2 protein chains.
Amino acid sequence: MLGLLSFPGERTGYDLKKWADASLRFFYWSPAISQIYAELRRLEGLGYASSRRSEPDEPRAKRRYAITAAGRAALARWADTSEPGPPVLKHPLVLRIWLGHLAEPERLATRVREHMERTRAELKEIRDALARADAHDATGGGTGDGTGATGGGTGATGEGWRHPRIALRWSERHQLAELELAEAMLADLAEPHPPGARAPTEGDRADTGADTPADTAPTDG
Amino acid sequence: MLGLLSFPGERTGYDLKKWADASLRFFYWSPAISQIYAELRRLEGLGYASSRRSEPDEPRAKRRYAITAAGRAALARWADTSEPGPPVLKHPLVLRIWLGHLAEPERLATRVREHMERTRAELKEIRDALARADAHDATGGGTGDGTGATGGGTGATGEGWRHPRIALRWSERHQLAELELAEAMLADLAEPHPPGARAPTEGDRADTGADTPADTAPTDG
DNA sequence: GTGTACATGTAATCCGTTACATGATTCC
DNA sequence: GGAATCATGTAACGGATTACATGTACAC
């Protein structure tokens, strides 16, 4: 949350939700809206965020949040003290494959194909977001996120949005990789029964291993 | 848990933990040991698993669990009724990149490199597991998992372990992809400042997009 | 005889979700 | 006038973790 607020501008909980869904979601998180409101209140309690009610002449009553100096300090401390942990992945499709003995081969393959469909849809969303971001700063765009929300108007164009864009590009490539992985798995599944045959899977399995060639395999003797 | 038990053989909670850490971990889950014990008791309560105390002549007192017919039925129902949801990813490194404006460029790059190191280590573990699985069924291996645990000795060789191996192969490729993604990100980070320059990033960004070829180039103008 | 692996649990807590509740505004 | 979107919350619950507690067996 603090990270979202660290970009220039003030935002409502609702804004943050939409923004998170269009960016953080692809590589980290898509918080429930209820959690956002709760967290914003908590952050304000800690002195890391400040909020302001909307002017009475505004059409809608809302509460806009911004990060405070203390919040910025805490965030900066976090950002360069704590190590980024390993990525956490929960992949229900691969789990199903792992449990493949429970299903008919046909259904398994169908599942993989469905997954690929979903992945393509996701990829499209990411590309849309990327396009939006580009258009946004080509026109010299407005607010403070890439979504096109309404709000303050600090007008920090181009620069500052560099890193979010890099992350989004990572997400794009990630989805592409996901498609390739699914395809490879489909091929593995299609392979004839295992009796003896240790199919070489083409010219696959190259290097990219550890540093030294000789490695004396520590784990298994 | 039921899925783990669906493979032939009886196992203790401790066995399951080790096994999960050597397989499920790479694509789905690494449950806390305390949760495993709790869950096993719950499953037994539901009639989905049965347990047996070790014989008094065994060196250690332990409790071995097996899946029941009801458990198998419930699992099968789950496996082909419920849709596998989308994969859930929580990638702290990419989050740090997204928040790159908070850090010095140097530190960011270092983080990415550290991540690559970790990824290579992970990749090695996966390959070891794969090698272990191969060796295991070449020798006509024993128990009921790929880890080399002790236990029953139902002796289901080769077949039945096909799908776990496919999942593991997926994990191997996944880590390779992760390395490539990190490298690409490193390149993005190294790119000169954004003022105007919209660097084309080489002959990258091929097809694999949606269905139609003409797509009105969303990402880059 | 000391450290590691085996083996099983309890208690407190956290992060996050779903379901529920409410109401204003805008678009068609 | 009705649906979608904007906007904010409360309550109950769930999955999972960490910290704590305990004890045996084996290897060096």
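Note that this is a predicted model, so its numbers are computed, not measured.
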Given E83(A) and H115(B), is the side chain to side chain donor-acceptor pair (under 3.5 Å) satisfied, shown in steps?
-> CA-CA 10 Å; E83(A) 297 293 304; H115(B) 168 70; over 6 Å; no
Nearest-nucleotide 5' precedence on DNA chain C, A38(B) against A61(A) |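 Its nucleotide being nearer the 5' end, the pick is A38(B).
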For A32(A) and Y14(B), take the nucleotide of DNA chain C holding the closest heavy atom to each; which residue's nucleotide lies nearer the 5' end?
->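 Looking at the nearest nucleotide for each, Y14(B) comes out on the 5' side.
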Would E39(B) and R42(B) count as a salt bridge (Lys or Arg N to Asp or Glu O under 4.0 Å) if you check the C-alpha gap in whole Å, the side-chain angles of each, and the deciding distance to 0.1 Å?
-> CA-CA 5 Å; E39(B) 186 64 11; R42(B) 196 182 73 96; 2.9 Å; yes
Can you tell me how far [atom2] of [N] sits from [atom1] of [X], to the nearest Å?
X      : N       : atom1 : atom2 : answer
K18(A) : dA4(D)  : NZ    : P     : 17 Å
I33(B) : dT17(D) : CD1   : P     : 11 Å
I36(B) : dC6(C)  : CD1   : C1'   : 14 Å
R53(B) : dT8(C)  : CZ    : C1'   : 14 Å
M1(B)  : dG15(D) : CE    : P     : 14 Å
L40(A) : dG16(C) : CG    : P     : 14 Å
D15(A) : dT8(D)  : CG    : C1'   : 13 Å
R63(A) : dA24(C) : CZ    : P     : 18 Å

Touch class at under 4.0 angstrom, heavy-atom based, for S30(A) against every strand present =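 Contact class for S30(A): sugar-phosphate only.
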Think [X] has a side-chain N or O under 4.0 angstrom from the OP1 or OP2 of [N]?
X      : N       : value
Y37(B) : dG9(C)  : no
W29(A) : dC15(C) : no
Q35(B) : dT17(D) : yes
R41(A) : dT10(D) : yes
S34(B) : dT8(C)  : no
K90(A) : dA16(D) : yes

Ring-face cation contact, W78(B) with R96(A), 6.0 Å cut, 45° max |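 R96(A) over W78(B) ring: yes.
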Charged N to carboxylate O under 4.0 angstrom, R120(B) versus E178(B)?
->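 Judged by the 4.0 Å cut-off on N to carboxylate O distance, R120(B) and E178(B) do not form a salt bridge.
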Nearest atoms (heavy-atom pairs only) where L89(A) meets F26(B) =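 Answer, listing the atom of L89(A) first, then F26(B): CD2-O, 4.3 Å.
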Looking at the side chain of R60(A), which of dA25(D), dT25(C), dG9(C) is the nearest nucleotide?
->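 Looking only at heavy atoms from C-beta outward on R60(A), the closest nucleotide is dT25(C).
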